[in-house]
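A quick write-up on the structure given underneath.
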2 protein chains.
Amino acid sequence: MIPYRGDMDAVRVALVNDYEVVARGVAEMLRNYQNRIHVVELDLNKQVGEHVDIALYDTFATTRGDRSEVRDLVSNPLVDVVAVYSWTLEPVHIESAMSNGAGGYISKGLPAAGLVSALETIRAGGKQLHLEQEDAQTVIVGDWPGREEGLSEREAEILALITQGLSNAEIAERTYLSINSIKTYIRNCYRRIGADSRTNALLWGIEHGFRPDRVRIKHPEPAPRSR
Amino acid sequence: MIPYRGDMDAVRVALVNDYEVVARGVAEMLRNYQNRIHVVELDLNKQVGEHVDIALYDTFATTRGDRSEVRDLVSNPLVDVVAVYSWTLEPVHIESAMSNGAGGYISKGLPAAGLVSALETIRAGGKQLHLEQEDAQTVIVGDWPGREEGLSEREAEILALITQGLSNAEIAERTYLSINSIKTYIRNCYRRIGADSRTNALLWGIEHGFRPDRVRIKHPEPAPRSR
DNA sequence: GCAAGTTTCACCCTTTGGGGTGAACCTTTG
DNA sequence: CAAAGGTTCACCCCAAAGGGTGAAACTTGC
């Protein structure tokens, strides 16, 4: 009845992040596992537009700070399970995501095989948390804006949040880091890209792919005034 | 020999400013004087690409801070005379422009008729400085980005320079104003557009036409780093 | 093992930005 | 004439940003 048995068993996964290069990087990681993971295209609005077993939500530079993405994904009837994919592994953050309805939490530190295994396990209703790799395999990392320019993923994330217009305090809150860590990243980031001010860094970011592909930038609405 | 006597006498003028809406605003002012002023289109690079009697250089939010635009225009063999069009009328600034090769200086406070008259006079080799209107005519102002959103021209100029990535000190220097004036304008500007930070104002500016149409934004070059 | 890179954080100090108040002058509008 | 708006500036004070130094833990590559 079904032409391909492999496709029938493959986990249907939507990769969700506002930076296409990030989603593409994850897709690239999964390329060698096409018989086990079927990456589903998002619709024109970058939404999950067809049924998927798992929406894999990458937390890189989230454009909303209230974790509402997870709740939105959970409430999408086309999504069976939402799995959060993040470097942040503290229990308080994991709990927060789960309480928002996530059905899985996967560390970005896992190698591709571990990610695949985690997705399959979650789809099958098994263990939800996949935080550590189980053997010493080489971790193949994904992709992010600014990587070609020499930015680490964390540096890139901070710059992306600057490019969204967030203050240092807001970035610290968004990333669960200390303000001091943020300042350190900013310092390093400016040094790398040759910026000497926030506005210049922001403009550099806009020119180098740091603008989210979904335009949900935090900035003020116009204030009309009669003149 | 010449089909239209009017066109033969009309002053050929190129309107030069990095914000198209500004140039368009001036062109609109001159619309009722088409028999006396022929506005010449710029080429695809926004350069003066054909012979003109006068290049009218509007100083709104100049994207270069060293007055090199005037010198560049002066050295363009297609340009007979460069006239600076500005609100700034202090002798020191006028002298600076003239010493850079400008052959005229016109106040933006002149009504359209005064501007037309000034252009004709300059083209004819007469008086170079046209700083005050000679009678109480209604001043029809030009246009600038953000005008529809309720920004005054000065507020818009400051925001445009913020959007170019300049610091307050740099803006003060560029506009010949005190740092305190800049801060006042910024305050008022933020209130009008509903911004609470520079980065948000910058992002607003980008979304609302404050990006120069010629991409000569002051921002850093990439700093490549081997990784 | 060592060096370099990444991540995270503290602390010190300076610079830049931002909100407020007040004031003067000019122009336009009612 | 008065009010409103635009332009310009001073001054006060605080917040946010930014540069520096140091340190710890971990990972990766030589």
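A note on names: the letters A, B, ... follow the listed sequences, proteins ahead of strands, and every chain is numbered from 1.
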| message | If we check side-chain contact (heavy atoms from CB on, under 4.5 Å) with B:L15, which of these qualifies: B:D58, B:L56, B:V48? | response | B:L56

How long is the line joining [atom1] of [X] and [atom2] of [N], in whole Å?
{"X": "B:E153", "N": "C:dT27", "atom1": "CD", "atom2": "C1'", "value": "15 Å"}
{"X": "A:L202", "N": "D:dA17", "atom1": "CG", "atom2": "P", "value": "12 Å"}
{"X": "A:N188", "N": "D:dG20", "atom1": "CG", "atom2": "P", "value": "11 Å"}
{"X": "B:R147", "N": "D:dG6", "atom1": "CZ", "atom2": "P", "value": "11 Å"}
{"X": "A:Y185", "N": "D:dG19", "atom1": "OH", "atom2": "P", "value": "18 Å"}
{"X": "B:K108", "N": "C:dT27", "atom1": "NZ", "atom2": "P", "value": "18 Å"}
{"X": "B:W87", "N": "D:dG6", "atom1": "CH2", "atom2": "C1'", "value": "10 Å"}
{"X": "B:L110", "N": "C:dT27", "atom1": "CG", "atom2": "P", "value": "14 Å"}

| said: One thing to verify: whether B:E157 and B:R154 come together as a salt bridge, which I'm taking to mean a side-chain N less than 4.0 angstrom from a carboxylate O. | reply: yes

| query | Is A:E28 salt-bridged to A:R31, going by a charged N under 4.0 Å from an acidic O? | reply | yes

| task | Would you sketch DNA chain C in dot-bracket for me? Only Watson-Crick or G-U wobble pairs with both distances under 3.5 Å count, crossing pairs as [ ], other-strand pairs as |, the rest as dots. | result | ||||||||||||||||||||||||||||||

If we ignore hydrogens and angles and just use 3.5 Å, is the side chain of [X] paired with the main-chain N or O of [Y] as donor and acceptor?
{"X": "B:E149", "Y": "B:H208", "result": "no"}
{"X": "B:W144", "Y": "B:L151", "result": "yes"}
{"X": "B:S117", "Y": "B:A113", "result": "no"}

| Heavy-atom side-chain proximity of B:M98 to B:L129 below 4.5 angstrom | yes

| Can you find a pair of side-chain heavy atoms, one from B:I171 and one from B:Y185, that are under 4.5 Å apart? | no

| field | OP1 or OP2 of C:dG5 under 4.0 Å from side-chain N/O of A:R192 | value | no

| query | Can you list the residues that meet the side-chain contact (heavy atoms from CB on, under 4.5 Å) rule with A:N168, with sequence neighbours excluded? | reply | A:I179, A:I182, A:K183, A:I186, A:R198

| note | Once base and sugar-phosphate atoms are separated, protein heavy atoms under 4.0 Å mark nucleotides 9-19 of chain C, 5' to 3', with B, S and - as BBB-----BBB

